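Data block below; observations after.
Position 1 is the first residue of the sequence; numbering continues from there. Quantities reported herein were computed from a predicted structural model and do not represent experimental measurements.
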Amino acid sequence: MNKHLLSIFRGQDEPPARGKFLSRVFGIFSEEIVRLWANDPRSPYEDIGRPTLRKLGESTGSTLDFTLRHKKTGTSYVTELKCEIEYENYKYFVLTDVKQLDHHRKGAFKALLEVAAKTPSHRVFVNKKEIAVDGAILIWGAATPEGRRAVIDAKGFFDVLSIEEIISDLITWNHAGYLALMEQRRSWTNAMFDGLIHSNPETD
(Lines give C-alpha, C1' and ligand atoms only; values in the text may rest on other atoms or scores of the structure.)
Protein backbone atom coordinates (compact mmCIF):
# COMPACT_ATOMS: atom_id res chain seq x y z
CA MET A 1 0.00 0.00 0.00
CA ASN A 2 1.26 3.44 -1.00
CA LYS A 3 0.88 5.87 1.92
CA HIS A 4 1.12 8.99 -0.25
CA LEU A 5 -2.62 9.71 -0.21
CA LEU A 6 -2.85 9.44 3.56
CA SER A 7 0.14 11.77 3.97
CA ILE A 8 -1.69 14.47 2.01
CA PHE A 9 -4.38 14.66 4.66
CA ARG A 10 -2.44 13.62 7.77
CA GLY A 11 0.44 16.06 7.67
CA GLN A 12 3.19 15.63 10.24
CA ASP A 13 2.78 17.95 13.24
CA GLU A 14 -0.32 19.50 11.64
CA PRO A 15 -3.42 20.42 13.70
CA PRO A 16 -6.40 18.01 13.51
CA ALA A 17 -8.51 20.79 12.00
CA ARG A 18 -6.38 20.59 8.85
CA GLY A 19 -7.29 16.97 8.22
CA LYS A 20 -10.98 17.62 8.89
CA PHE A 21 -11.01 20.50 6.42
CA LEU A 22 -9.13 18.70 3.65
CA SER A 23 -11.24 15.57 4.07
CA ARG A 24 -14.45 17.51 3.59
CA VAL A 25 -13.11 19.31 0.54
CA PHE A 26 -11.96 16.04 -1.03
CA GLY A 27 -15.31 14.40 -0.34
CA ILE A 28 -17.07 16.96 -2.53
CA PHE A 29 -15.50 15.64 -5.73
CA SER A 30 -14.19 12.15 -4.92
CA GLU A 31 -17.02 10.47 -6.84
CA GLU A 32 -16.02 12.38 -9.97
CA ILE A 33 -12.54 10.85 -9.72
CA VAL A 34 -14.00 7.35 -9.79
CA ARG A 35 -16.18 8.17 -12.81
CA LEU A 36 -13.20 9.51 -14.75
CA TRP A 37 -11.28 6.32 -14.01
CA ALA A 38 -14.17 3.99 -14.83
CA ASN A 39 -14.84 5.66 -18.16
CA ASP A 40 -11.24 5.51 -19.34
CA PRO A 41 -10.47 2.78 -21.91
CA ARG A 42 -7.64 1.50 -19.70
CA SER A 43 -9.93 0.79 -16.75
CA PRO A 44 -11.31 -2.74 -16.34
CA TYR A 45 -14.75 -1.27 -15.57
CA GLU A 46 -17.17 1.25 -16.99
CA ASP A 47 -19.76 3.17 -14.98
CA ILE A 48 -23.29 2.86 -16.36
CA GLY A 49 -25.04 5.02 -13.74
CA ARG A 50 -26.30 5.21 -10.18
CA PRO A 51 -28.25 2.11 -9.13
CA THR A 52 -31.37 2.21 -7.01
CA LEU A 53 -31.94 -0.94 -4.95
CA ARG A 54 -35.52 -1.76 -4.01
CA LYS A 55 -36.59 -4.54 -1.71
CA LEU A 56 -38.96 -6.97 -3.35
CA GLY A 57 -42.49 -5.67 -3.05
CA GLU A 58 -41.47 -2.08 -2.19
CA SER A 59 -41.70 1.00 -4.43
CA THR A 60 -38.88 3.02 -2.87
CA GLY A 61 -35.29 2.08 -2.26
CA SER A 62 -31.69 3.10 -1.68
CA THR A 63 -29.51 4.76 -4.31
CA LEU A 64 -25.82 3.87 -4.40
CA ASP A 65 -22.91 5.62 -6.11
CA PHE A 66 -22.12 3.56 -9.22
CA THR A 67 -22.96 0.54 -11.31
CA LEU A 68 -19.67 -0.83 -12.59
CA ARG A 69 -19.74 -3.14 -15.58
CA HIS A 70 -16.72 -5.33 -16.24
CA LYS A 71 -15.55 -4.56 -19.76
CA LYS A 72 -14.29 -8.06 -20.55
CA THR A 73 -17.14 -10.13 -19.13
CA GLY A 74 -20.09 -7.72 -19.32
CA THR A 75 -21.05 -8.53 -15.72
CA SER A 76 -22.43 -5.64 -13.66
CA TYR A 77 -22.01 -4.75 -10.00
CA VAL A 78 -23.70 -2.23 -7.71
CA THR A 79 -20.94 -0.17 -6.14
CA GLU A 80 -20.58 2.14 -3.15
CA LEU A 81 -17.72 4.50 -2.30
CA LYS A 82 -16.73 4.78 1.37
CA CYS A 83 -13.78 7.09 1.80
CA GLU A 84 -13.74 8.26 5.40
CA ILE A 85 -10.44 9.99 5.81
CA GLU A 86 -10.03 11.92 9.05
CA TYR A 87 -12.99 10.37 10.90
CA GLU A 88 -12.00 9.02 14.35
CA ASN A 89 -8.33 9.88 13.78
CA TYR A 90 -8.11 8.11 10.39
CA LYS A 91 -9.42 4.86 11.86
CA TYR A 92 -11.36 3.93 8.73
CA PHE A 93 -9.17 5.31 5.96
CA VAL A 94 -7.09 2.18 5.36
CA LEU A 95 -9.06 -1.06 5.12
CA THR A 96 -7.26 -3.66 7.19
CA ASP A 97 -10.08 -5.68 8.78
CA VAL A 98 -13.63 -6.65 7.88
CA LYS A 99 -14.84 -5.23 11.22
CA GLN A 100 -14.25 -1.72 9.86
CA LEU A 101 -17.44 -2.16 7.83
CA ASP A 102 -19.58 -2.68 10.93
CA HIS A 103 -20.11 0.99 11.72
CA HIS A 104 -21.93 1.54 8.41
CA ARG A 105 -25.48 0.80 9.54
CA LYS A 106 -27.63 2.78 7.12
CA GLY A 107 -30.09 1.05 4.85
CA ALA A 108 -28.14 1.74 1.66
CA PHE A 109 -25.04 -0.03 2.94
CA LYS A 110 -27.11 -2.91 4.27
CA ALA A 111 -28.64 -3.28 0.81
CA LEU A 112 -25.14 -3.26 -0.71
CA LEU A 113 -24.07 -6.07 1.62
CA GLU A 114 -27.15 -8.11 0.78
CA VAL A 115 -26.40 -7.86 -2.94
CA ALA A 116 -22.74 -8.71 -2.29
CA ALA A 117 -23.88 -11.84 -0.46
CA LYS A 118 -26.13 -12.61 -3.45
CA THR A 119 -29.24 -12.48 -1.30
CA PRO A 120 -32.17 -12.33 -3.76
CA SER A 121 -33.96 -9.55 -1.91
CA HIS A 122 -33.52 -6.50 -4.15
CA ARG A 123 -34.40 -5.34 -7.63
CA VAL A 124 -31.88 -2.97 -9.23
CA PHE A 125 -32.76 0.01 -11.41
CA VAL A 126 -30.41 2.22 -13.43
CA ASN A 127 -31.86 5.21 -15.26
CA LYS A 128 -35.32 3.92 -14.24
CA LYS A 129 -34.78 0.60 -16.04
CA GLU A 130 -34.46 -2.66 -14.17
CA ILE A 131 -31.18 -4.48 -14.78
CA ALA A 132 -29.66 -7.76 -13.69
CA VAL A 133 -26.53 -7.51 -11.56
CA ASP A 134 -23.97 -10.13 -10.63
CA GLY A 135 -22.98 -8.83 -7.21
CA ALA A 136 -21.39 -5.81 -5.59
CA ILE A 137 -18.12 -3.88 -5.44
CA LEU A 138 -16.84 -1.77 -2.56
CA ILE A 139 -14.54 1.24 -3.01
CA TRP A 140 -12.56 2.29 0.09
CA GLY A 141 -10.00 5.02 0.71
CA ALA A 142 -7.00 2.70 0.79
CA ALA A 143 -6.59 -1.00 1.53
CA THR A 144 -3.98 -3.52 2.49
CA PRO A 145 -3.96 -6.79 0.52
CA GLU A 146 -4.97 -8.64 3.70
CA GLY A 147 -7.83 -6.23 4.40
CA ARG A 148 -9.12 -6.47 0.84
CA ARG A 149 -9.05 -10.26 0.88
CA ALA A 150 -10.73 -10.46 4.30
CA VAL A 151 -13.63 -8.28 3.15
CA ILE A 152 -14.08 -10.18 -0.12
CA ASP A 153 -14.05 -13.53 1.68
CA ALA A 154 -16.36 -12.45 4.50
CA LYS A 155 -18.89 -10.36 2.59
CA GLY A 156 -18.83 -11.82 -0.90
CA PHE A 157 -17.82 -8.69 -2.82
CA PHE A 158 -16.67 -9.33 -6.36
CA ASP A 159 -13.93 -6.73 -5.89
CA VAL A 160 -12.68 -4.16 -3.41
CA LEU A 161 -11.12 -1.11 -5.03
CA SER A 162 -9.42 1.88 -3.45
CA ILE A 163 -9.43 5.58 -4.22
CA GLU A 164 -5.67 5.51 -3.61
CA GLU A 165 -5.09 3.02 -6.45
CA ILE A 166 -7.60 4.76 -8.72
CA ILE A 167 -5.76 8.06 -8.34
CA SER A 168 -2.44 6.29 -8.92
CA ASP A 169 -3.81 4.89 -12.20
CA LEU A 170 -5.03 8.30 -13.36
CA ILE A 171 -1.67 9.90 -12.60
CA THR A 172 0.22 7.08 -14.34
CA TRP A 173 -2.05 7.44 -17.36
CA ASN A 174 -1.48 11.21 -17.36
CA HIS A 175 -5.26 11.41 -17.60
CA ALA A 176 -6.21 14.76 -19.13
CA GLY A 177 -9.67 14.82 -17.56
CA TYR A 178 -8.30 14.11 -14.09
CA LEU A 179 -5.63 16.79 -14.38
CA ALA A 180 -8.24 19.26 -15.64
CA LEU A 181 -10.53 18.44 -12.71
CA MET A 182 -7.73 19.03 -10.20
CA GLU A 183 -6.77 22.33 -11.81
CA GLN A 184 -10.39 23.46 -11.89
CA ARG A 185 -10.98 22.66 -8.22
CA ARG A 186 -7.70 24.33 -7.29
CA SER A 187 -8.64 27.49 -9.21
CA TRP A 188 -12.05 27.58 -7.54
CA THR A 189 -10.65 27.32 -4.02
CA ASN A 190 -7.83 29.78 -4.77
CA ALA A 191 -10.36 32.28 -6.10
CA MET A 192 -12.49 31.88 -3.00
CA PHE A 193 -9.61 32.49 -0.61
CA ASP A 194 -8.33 35.39 -2.70
CA GLY A 195 -11.76 36.94 -2.44
CA LEU A 196 -11.88 36.40 1.33
CA ILE A 197 -8.45 37.98 1.79
CA HIS A 198 -8.65 40.95 -0.55
CA SER A 199 -11.20 43.72 -0.25
CA ASN A 200 -13.68 44.51 -3.02
CA PRO A 201 -12.57 47.76 -4.72
CA GLU A 202 -16.18 48.66 -5.45
CA THR A 203 -16.95 48.88 -1.73
CA ASP A 204 -13.81 50.77 -0.64
Side-chain angles (χ1 to χ4, degrees), residues 1-12 14 18-51 63-87 90 92-96 100-101 112 116 126-127 133-149 151-152 157-193:
M1 184 194 69
N2 188 328
K3 296 184 179 180
H4 171 67
L5 187 60
L6 178 59
S7 69
I8 294 173
F9 299 94
R10 194 176 195 174
Q12 189 173 11
E14 296 285 355
R18 176 183 181 275
K20 292 180 184 293
F21 173 77
L22 295 178
S23 298
R24 290 186 179 185
V25 172
F26 181 74
I28 296 171
F29 59 86
S30 56
E31 286 186 20
E32 295 179 59
I33 294 173
V34 176
R35 290 192 181 93
L36 288 170
W37 175 82
N39 293 322
D40 186 277
R42 290 160 287 193
S43 171
Y45 299 102
E46 61 181 336
D47 176 34
I48 61 173
R50 287 184 180 273
T63 299
L64 303 182
D65 295 324
F66 317 96
T67 308
L68 295 183
R69 182 161 58 199
H70 198 281
K71 292 177 181 176
K72 287 186 177 180
T73 65
T75 51
S76 298
Y77 305 90
V78 297
T79 305
E80 182 76 346
L81 168 62
K82 291 296 181 186
C83 185
E84 296 175 310
I85 300 174
E86 181 278 335
Y87 183 66
Y90 303 90
Y92 298 99
F93 181 70
V94 180
L95 185 62
T96 60
Q100 289 171 285
L101 275 61
L112 176 79
V126 177
N127 298 321
V133 297
D134 301 273
I137 290 174
L138 177 65
I139 305 177
W140 208 259
T144 64
E146 297 80 10
R148 176 182 281 112
R149 176 48 53 190
V151 169
I152 290 174
F157 284 104
F158 174 74
D159 201 354
V160 174
L161 308 173
S162 75
I163 280 285
E164 181 175 66
E165 292 170 328
I166 286 171
I167 290 174
S168 179
D169 281 346
L170 291 167
I171 293 172
T172 300
W173 298 341
N174 196 29
H175 193 284
Y178 173 73
L179 298 176
L181 177 66
M182 295 302 103
E183 287 299 329
Q184 182 190 63
R185 294 304 188 265
R186 175 157 56 186
S187 69
W188 287 358
T189 52
N190 285 348
M192 179 188 71
F193 287 116

Legend entry - Trace of the side-chain contact (heavy atoms from CB on, under 4.5 Å) decision for S76 with I48: CA-CA 9 Å; S76 298; I48 61 173; 4.3 Å; yes

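- Atoms CG and CG, on L170 and L179 in that order, are 8.5 Å from each other to the nearest 0.5 Å.
- Note that the CG atom of L138 and the CZ atom of R148 stand 10.0 Å from one another [nearest 0.5 Å].
- Counting heavy atoms from C-beta outward, E183 and Y178 have side chains that stay 4.5 Å or more apart.
- Nearest heavy-atom pair across W140 and Y92 is NE1-O, 2.7 Å.
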Inset, instruction - Using the side-chain contact (heavy atoms from CB on, under 4.5 Å) rule, take E32 and L181 through it: C-alpha gap first, then chi angles, then the decisive distance, then the call. - result: CA-CA 9 Å; E32 295 179 59; L181 177 66; 3.6 Å; yes

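- The OG atom of S187 sits 12.0 Å away from atom CE of M192, with the distance rounded to the nearest 0.5 Å.
- To the nearest 0.5 Å, atom CG of residue L161 and atom OG1 of residue T79 are 7.5 Å apart.
- Residues Y87 and F93 form no side-chain contact, since every pair of their non-hydrogen atoms from C-beta on lies 4.5 Å or further apart.
- To the nearest 0.5 Å, the span separating NZ on K72 from OH on Y45 amounts to 11.5 Å.
- Taking 4.5 Å as the limit, every side-chain heavy atom of Y77 sits out of range of all side-chain heavy atoms of D159.
- Considering all non-hydrogen atoms of both residues, G19 and Y90 come closest at CA-OH, 3.5 Å.
- Taking each heavy atom of S30 and I163 in turn, the nearest pair found is O-CD1, 4.2 Å.
- Taking all atoms of both residues into account, the shortest heavy-atom contact from D40 to K71 is O-NZ, 2.5 Å.
- Residues R50 and D65 are in side-chain contact: their nearest non-hydrogen atoms beyond the backbone lie under 4.5 Å apart.
- No more than 12 heavy atoms of other residues, nucleotides or ligands lie within 6.0 Å of CZ in R24, so this atom counts as exposed by the packing criterion.
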Inset, instruction - Would you sort out whether E146 and R149 count as a salt bridge (Lys or Arg N to Asp or Glu O under 4.0 Å), showing the intermediate values? - result: CA-CA 5 Å; E146 297 80 10; R149 176 48 53 190; over 6 Å; no

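- Residue-environment remark: NZ (K20) stays at or below the threshold of 12 foreign heavy atoms within 6.0 Å.
- The backbone N or O of R10 lies less than 3.5 Å from no partner atom in the side chain of E14, so there is not a single donor-acceptor pair.
- Counting heavy atoms from C-beta outward, E31 and L81 have side chains that approach closer than 4.5 Å.
- No donor-acceptor distance shorter than 3.5 angstrom exists from the side chain of D47 to the backbone of R35, with no hydrogens or angles considered.
- By the 4.5 Å heavy-atom criterion applied to side chains, S168 and T172 are counted as neighbours.
- Contact detail for L112 and I137: the closest heavy-atom pair is CD1-O, 4.1 Å.
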Legend entry - Evaluation steps, salt bridge (Lys or Arg N to Asp or Glu O under 4.0 Å), between E46 and R69: CA-CA 5 Å; E46 61 181 336; R69 182 161 58 199; 3.0 Å; yes

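- Residues C83 and F26 come closest through the heavy atom pair SG-CE2, 4.1 Å.
- Using a 4.5 Å cut-off on side-chain heavy atoms (C-beta onward), Q100 and E84 make no contact.
- Here T75 contributes atom OG1 and L68 contributes atom CG; the two are 10.5 Å apart, rounded to the nearest 0.5 Å.
- Taking 4.5 Å as the limit, some side-chain heavy atom of K82 sits within range of a side-chain heavy atom of E80.
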